[in-house]
Amino acid sequence: MPDWTAMNDLSTGDLVTEADMDAIRGNIEYLLDPNHARIRRDTASYTTTSTTFVDVDATNLAISLETHGGPVLVSVVGAASMTGVGALTYFDLEVDGVRQGSAGGSGAGLVAFTSPAASHQHNIGLAHLVTGLAAGTHTIKLQWRVSSTTATLYAAANNPVHFGAMEL
């Protein structure tokens with residue numbers, strides 16, 4: 001991963017050195033190659049009946065991302081269904097052991113989906129900007145819970161789950 005170099009302030013007439021040019025080149029590489037990670041899970045679907053937040057898959061749907069301390073944009077795209085009509089499935093992100101959707105004190109997570117019909121498959125999407133992370137390696141996990149019944153998150157070859165994170 002390219003490093004960001006703090007630049008010296010230059011004034012009109014200052015001589016730009018080779019070290020300055022190297023720093024500029026390195027900073028451009030840093031901006032054009034952000035730290036990122038992504039997972040495309042297409043080999044096993046998931047189910048839950050948990051009414052409290054649990055990891056969807058702590059091994060295969062967990063991102064480890066090294067950052068420079070900038071904000072991180074996390075996204076999830078997939079398809080889900082519930083066995084009960086009107087049941088809710090809640091999705092959340094856990095970053096370094098801290099749930100992101102718990103700030104309001106409710107158990108709603110970051111986003112919730114309802115089922116208009118039993119076992120009706122529908123698209124899900126989540127985008128969340130994580131701020132306040134220190135430079136270093138961070139672990140991001142997808143979590144979920146249901147209000148009742150059983151939820152399924154599909155992860156098949158023709159219907160994968162996409163889970164990604166990128167430092168901005």
Side-chain angles (χ1 to χ4, degrees), residues 1 4 30-31 33-168:
M1 126 176 110
W4 181 264
Y30 171 86
L31 292 172
D33 186 21
N35 301 324
H36 63 281
R38 69 179 179 91
I39 296 169
R40 181 181 190 271
R41 187 77 175 135
D42 62 4
T43 57
S45 293
Y46 303 95
T47 62
T48 191
T49 58
S50 178
T51 56
T52 60
F53 279 99
V54 294
D55 295 339
V56 174
D57 182 337
T59 302
N60 298 303
L61 285 175
I63 290 174
S64 179
L65 182 67
E66 185 178 350
T67 72
H68 292 286
V72 175
L73 180 61
V74 182
S75 64
V76 180
V77 177
S81 69
M82 283 72 75
T83 57
V85 176
L88 290 167
T89 301
Y90 303 90
F91 288 91
D92 205 344
L93 298 170
E94 182 188 85
V95 179
D96 298 334
V98 178
R99 274 198 28 245
Q100 298 299 292
S102 63
S106 72
L110 292 171
V111 67
F113 296 92
T114 187
S115 180
S119 299
H120 175 79
Q121 187 174 339
H122 60 279
N123 295 328
I124 62 161
L126 173 120
H128 180 69
L129 186 64
V130 181
T131 59
L133 295 176
T137 301
H138 302 280
T139 302
I140 305 165
K141 296 180 183 178
L142 179 62
Q143 295 192 324
W144 63 343
R145 75 172 187 87
V146 294
S147 60
S148 62
T149 71
T150 301
T152 299
L153 178 62
Y154 298 95
N158 63 341
N159 202 1
V161 174
H162 295 273
F163 183 31
M166 179 174 63
E167 185 176 19
L168 303 178

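Only a predicted model underlies this, so the values are computations on that prediction, with no experimental measurement involved.
- Within a 6.0 Å radius of CZ in R40, other residues, nucleotides and ligands contribute more than 12 heavy atoms.
- Closest of all the heavy-atom pairs between G101 and L110 is CA-CD2, 3.7 Å.
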query: When you look at N35 and E66, which way does the side-chain hydrogen bond (donor to acceptor under 3.5 Å, both in side chains) test go after all the steps?
result: CA-CA 7 Å; N35 301 324; E66 185 178 350; over 6 Å; no
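- Using a 4.5 Å cut-off on side-chain heavy atoms (C-beta onward), V77 and V161 make no contact.
- Between L153 and A79 the shortest heavy-atom distance is CD1-O, 3.4 Å.
- Shown here are the ring pair (Phe, Tyr, Trp, His ring centres under 6.0 Å) partners of Y46, two or more places apart in sequence or in another chain: there are none.
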- request: Apply side-chain contact (heavy atoms from CB on, under 4.5 Å) to T137 and S64, showing your working.
  value: CA-CA 7 Å; T137 301; S64 179; 3.3 Å; yes
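- Using a 4.5 Å cut-off on side-chain heavy atoms (C-beta onward), V130 and Q100 make contact.
- Remark: the backbone N or O of A156 is not paired with any side-chain donor or acceptor of D42 at under 3.5 angstrom.
- In terms of modelled atom types and a separation under 3.5 Å, the side chain of Q143 and the main chain of R99 share no donor-acceptor contact.
- Minimum interatomic distance between H162 and P160 (heavy atoms only, all atoms of both residues): NE2-CG, 3.5 Å.
- How far CG of L73 is from CD of E167: 11.5 Å, rounded to the nearest 0.5 Å.
- Here L126 contributes atom CG and F163 contributes atom CZ; the two are 9.0 Å apart, rounded to the nearest 0.5 Å.
- Contacts of H36 classified as ring pair (Phe, Tyr, Trp, His ring centres under 6.0 Å), with partners at least two apart in sequence or in another chain: none.
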message: Does I39 form a side-chain contact (heavy atoms from CB on, under 4.5 Å) with I63? I'd like the steps, not just the answer.
response: CA-CA 8 Å; I39 296 169; I63 290 174; 3.7 Å; yes
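- When side chains are defined from C-beta on, T51 does not count as touching S148, because their heavy atoms never get closer than 4.5 Å.
- The CG atom of D96 sits 10.0 Å away from atom NZ of K141, with the distance rounded to the nearest 0.5 Å.
- Between atom CG of residue L168 and atom CG of residue L129 there is a gap of 6.0 Å, rounded to the nearest 0.5 Å.
- Rounded to the nearest 0.5 Å, atoms OG (S75) and NE2 (H128) are 12.5 Å apart.
- R41 places a side-chain heavy atom less than 4.5 Å from the side chain of L61.
- A donor-acceptor pair under 3.5 Å is absent between the side-chain atoms of T47 and the main chain of T152, judged by distance alone.
- Looking only at side-chain heavy atoms (C-beta outward), M82 and Q121 stay at 4.5 Å or farther from each other.
- Closest non-hydrogen pair, G109 versus D92, comes out as CA-OD2, 3.5 Å.
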query: side-chain contact (heavy atoms from CB on, under 4.5 Å) between T150 and T48: does it pass, once the steps are laid out?
result: CA-CA 6 Å; T150 301; T48 191; over 6 Å; no
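- No donor-acceptor distance shorter than 3.5 angstrom exists from the side chain of T114 to the backbone of L88, with no hydrogens or angles considered.
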query: Run the side-chain hydrogen bond (donor to acceptor under 3.5 Å, both in side chains) check on S147 and Y90 step by step: do they pass?
result: CA-CA 8 Å; S147 60; Y90 303 90; 5.2 Å; no
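- Residues forming a side chain to side chain donor-acceptor pair (under 3.5 Å) with N159 (at least two apart in sequence, or on another chain): none.
- Checked by atom type and distance alone, the side chain of D55 never pairs as donor or acceptor with a backbone atom of D57 at under 3.5 Å.
- Using a 4.5 Å heavy-atom cutoff, the side chains of S50 and W144 are not in contact.
- For the residue pair A165 and I140, the shortest heavy atom distance occurs at CB-CD1, 3.8 Å.
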query: Step by step, would you call L93 with L142 a side-chain contact (heavy atoms from CB on, under 4.5 Å)?
result: CA-CA 5 Å; L93 298 170; L142 179 62; 4.2 Å; yes
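- Looking at heavy atoms from C-beta onward, T149 lies out of side-chain contact with V85 at the 4.5 angstrom threshold.
- The aromatic rings of F91 and F113 sit perpendicular to each other, their planes meeting at more than 60°, with 30° as the lower class boundary.
- Side-chain contact between V72 and V95 is absent, with no heavy atoms from C-beta onward closer than 4.5 Å.
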